[in-house]
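Ligands are counted one by one from 1 in listed order, and the atoms in each one are counted from 1 as well. Heavy-atom basis, side chains included; hydrogens, waters and symmetry copies ignored.
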Amino acid sequence: MNIMTIILAAGKGTRMRSEIPKIMHKIADRPLLQHVYDMSKQLANNKITIVYGHGADLVRDSLKHLESRWIEQKQQLGTGHAVQQAADQIGDADTVLILYGDVPLLKLTTVQTLLANVNEKSLGLLTVNLTNPKGYGRIVRDSSGQVQKIVEEKDASNDEKLIKEVNTGIMAVKGGKLKSWLIRLTNNNAQGEYYLTDIIEMAVGEKIKVITNQPSTEDEVMGVNNRMQLSHLERIFQKEQADSLMEQGVTLRDPLRFDLRGCVESLGQDIDIDINVILEGNNRIGSNVTIGANTRIINSIIGDHVEILDNCIIENAVIGAGSRIGPFARLRPDTVLANNVHIGNFVEIKKSDVAEKSKINHLSYIGDTTVGSNVNIGAGTITCNYDGVNKFRTIIEDGAFIGSDTQLVAPVTVGKNATIGAGSTITKDSPENQLTLSRVKQVSISGWQRPEKKQS
Ligand code: UD1
Ligand code: CA
């Protein structure tokens, strides 16, 4: 079966009150349209066409990575008119699947059931029963329960308005038939639009059976029309992801206060995640890892037995097994920590490698640096890696001990097992095994008196 998916995405989304086209708004950091695209991409033998219109340049520009045919609908004259724009591309034998770009949580299994109902003698229509069907097209059935037509809210009689079964807009139908019906659509209705839904009555007239199926939940077919619905679907989506992680053995202290914006590419056992943790992009997390509250981890690799304490930001970093990070640590891009490294509070590390068992425990900035193994970097150490124009590297060899409040002015090397005295400004290489310090001599002045306030 060759499938042609047509994603309708030309609508404006006035109620979003936004400069950004509706389908560009995001759930879990992915545009609504991309959710729909990614789902349908999983269907075999499928060609995707996106009908776009509002915010055309922006939509195409920011989603040009999607492998799709793009068709612009210059004026939005209705769902039928939108599909007409793609009619030239539809093959007679294709099974055409109609999706909406603003219905992001639709499930593959639901679509597969829909597609299985399509042949030359039948079409598939996804419907749902709503306690409050207001605004939707109603599914009109005859006394034997066969679908007769869809009537839009604005065209419905009072009796029809009582029908709770509504059209989700999602349907699948053979290409040849669809094309023959599309050319017959008119806009003689309350909204003066070309309704795609009118094809149902035409199909019934040709003895094509309308086979309906329903989604597993209402949320699957909910569209986003305003920011309340956007946030509602975000939470539904997040809850699904949280459930999936818990099924895979992750402890989430509170699944309602956890966000995954991307994917966890690999997942160890017995991961324990405290509240308000955000995982962004592609992360890999080993076994027996604990992640403290209020931590954000972006595109990183976390080894086994790593302990990340509260309030850390970790981006494009690698953390070796047994390491301990935070609280309040920031690992910036290209930080690579070997095993059993300790990074403490208020430490920022950027573009640096830190070898095994080294410790940077308090209030330090380490940038563009290679740190050897068993190095101890004292509180308040700063690598001065930038002269305002260029960046330079600092090298701290194995076993070095950097006293507190030291500035290392790069490019500079601290030799193996060297000791730097506290409060030093190191501008030249420091030899191995020696104590190096640069410090103003301490003086004490005897008989010195504090100034006193003059009596007035
Ligand atoms: C449509 C259905 C209605 C169904 C409802 C479900 C029709 C006539 N009505 O109504 O039966 O209950 O969806 O939400 O089909 N779009 C375009 N170009 C257009 C018009 C719409 O691309 O010219 C796109 C929109 O961007 C949106 C989708 O089609 O993604 C549906 O459009 P919308 O205006 O929301 O349809 P409704 O009138 O609500
Ligand atoms: Ca709608």
Side-chain angles (χ1 to χ4, degrees), residues 5-16 18 20-25 31-37 40 49-56 59-60 68 70-87 97-106 125-130 132-140 147-156 160-161 163-171 173 178 181-182 185-202 210 212 214-215 218-226 229-230 233:
T5 299
I6 302 177
I7 305 177
L8 304 188
K12 180 156 186 234
T14 311
R15 282 175 286 162
M16 294 299 283
S18 176
I20 303 162
K22 178 162 74 174
I23 48 158
M24 299 286 304
H25 284 265
L32 298 176
L33 178 60
Q34 177 136 20
H35 281 264
V36 180
Y37 172 90
S40 80
T49 294
I50 298 170
V51 179
Y52 68 110
H54 260 280
V59 169
R60 277 211 65 163
S68 162
W70 292 85
I71 295 179
E72 187 171 355
Q73 185 193 20
K74 289 216 163 66
Q75 272 184 297
Q76 282 78 56
L77 304 179
T79 50
H81 181 259
V83 176
Q84 279 170 351
Q85 308 309 300
L97 169 65
I98 307 290
L99 301 177
Y100 285 0
D102 57 358
V103 177
L105 302 192
L106 186 66
L125 181 67
L126 189 66
T127 71
V128 68
N129 285 60
L130 298 179
N132 177 14
K134 195 161 186 287
Y136 291 90
R138 306 298 205 281
I139 307 297
V140 180
V147 174
Q148 293 302 296
K149 61 175 180 176
I150 298 174
V151 55
E152 292 303 300
E153 165 96 18
K154 289 193 174 123
D155 304 289
E160 286 167 337
K161 280 184 185 150
I163 299 171
K164 305 277 191 214
E165 187 186 10
V166 306
N167 173 31
T168 64
I170 290 148
M171 61 174 90
V173 50
L178 176 61
W181 300 325
L182 284 175
L185 291 179
T186 66
N187 60 357
N188 292 326
N189 51 54
Q191 302 184 79
E193 283 183 7
Y194 295 90
Y195 292 164
L196 181 63
T197 44
D198 286 350
I199 70 165
I200 299 298
E201 200 172 2
M202 295 179 195
V210 179
T212 58
Q214 298 223 332
E218 243 175 63
D219 297 314
E220 248 195 82
V221 293
M222 283 297 123
V224 173
N225 296 304
N226 58 43
Q229 288 166 338
L230 184 69
L233 294 187

Return yes or no for this condition: an N or O of [X] is under 3.5 Å from an N or O of ligand 1.
X: G135; result: no
X: T197; result: no
X: E152; result: yes
X: L8; result: yes
X: Y195; result: no
X: I150; result: no
X: E193; result: no

Hey, which atoms in ligand 1 end up nearer than 4.0 Å to a heavy atom of [X]?
X: A82; value: 17 (C), 18 (N), 22 (O)
X: G137; value: 3 (C), 4 (C), 11 (O), 12 (O)
X: A9; value: 22 (O)
X: G11; value: 22 (O), 25 (C), 26 (O)
X: T168; value: 6 (C)

Start with the C-alpha gap between V128 and M222, add the side-chain angles, then the distance that decides, and say whether side chain to side chain contact (heavy atoms under 4.5 Å, CB included) holds. CA-CA 10 Å; V128 68; M222 283 297 123; 5.5 Å; no
To the nearest 0.5 Å, what is the distance between [atom1] on [X] and [atom2] on [Y]?
X: N187; Y: N189; atom1: CG; atom2: CG; answer: 6.5 Å
X: I71; Y: Q84; atom1: CD1; atom2: CD; answer: 12.5 Å
X: D155; Y: D198; atom1: CG; atom2: CG; answer: 8.5 Å

Would you indicate whether the side-chain heavy atoms of [Y] and [X] approach each other to under 4.5 Å?
X: L8; Y: Q73; result: no
X: E72; Y: R60; result: no
X: L185; Y: I199; result: yes

Do you know which two heavy atoms are closest between D102 and N225, and how far apart they sit?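 Where D102 meets N225 most closely, the heavy atoms are OD2-OD1, 4.4 Å.
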Taking heavy atoms and a distance under 4.0 Å, where does [X] meet ligand 1: side chain, backbone, both or neither?
X: Q73; value: side chain
X: Q191; value: neither
X: L77; value: backbone

Which of these, Y100, Y136, Y52, has its nearest heavy atom closest to atom 1 (C) of ligand 1?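 Selected option, by shortest heavy-atom distance: Y100.
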Evaluate Q214 against T127 for side chain to side chain contact (heavy atoms under 4.5 Å, CB included), listing each step before the verdict. CA-CA 5 Å; Q214 298 223 332; T127 71; 3.0 Å; yes
Tell me, please: is G78 in heavy-atom contact with ligand 1, that is, under 4.0 Å?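 It does; at least one heavy atom falls under 4.0 Å.
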Derivation and outcome, side chain to side chain contact (heavy atoms under 4.5 Å, CB included), residues L125 and I150: CA-CA 11 Å; L125 181 67; I150 298 174; 4.0 Å; yes
Candidate pair L106 and Y100, rule side chain to side chain contact (heavy atoms under 4.5 Å, CB included), full reasoning: CA-CA 10 Å; L106 186 66; Y100 285 0; over 6 Å; no
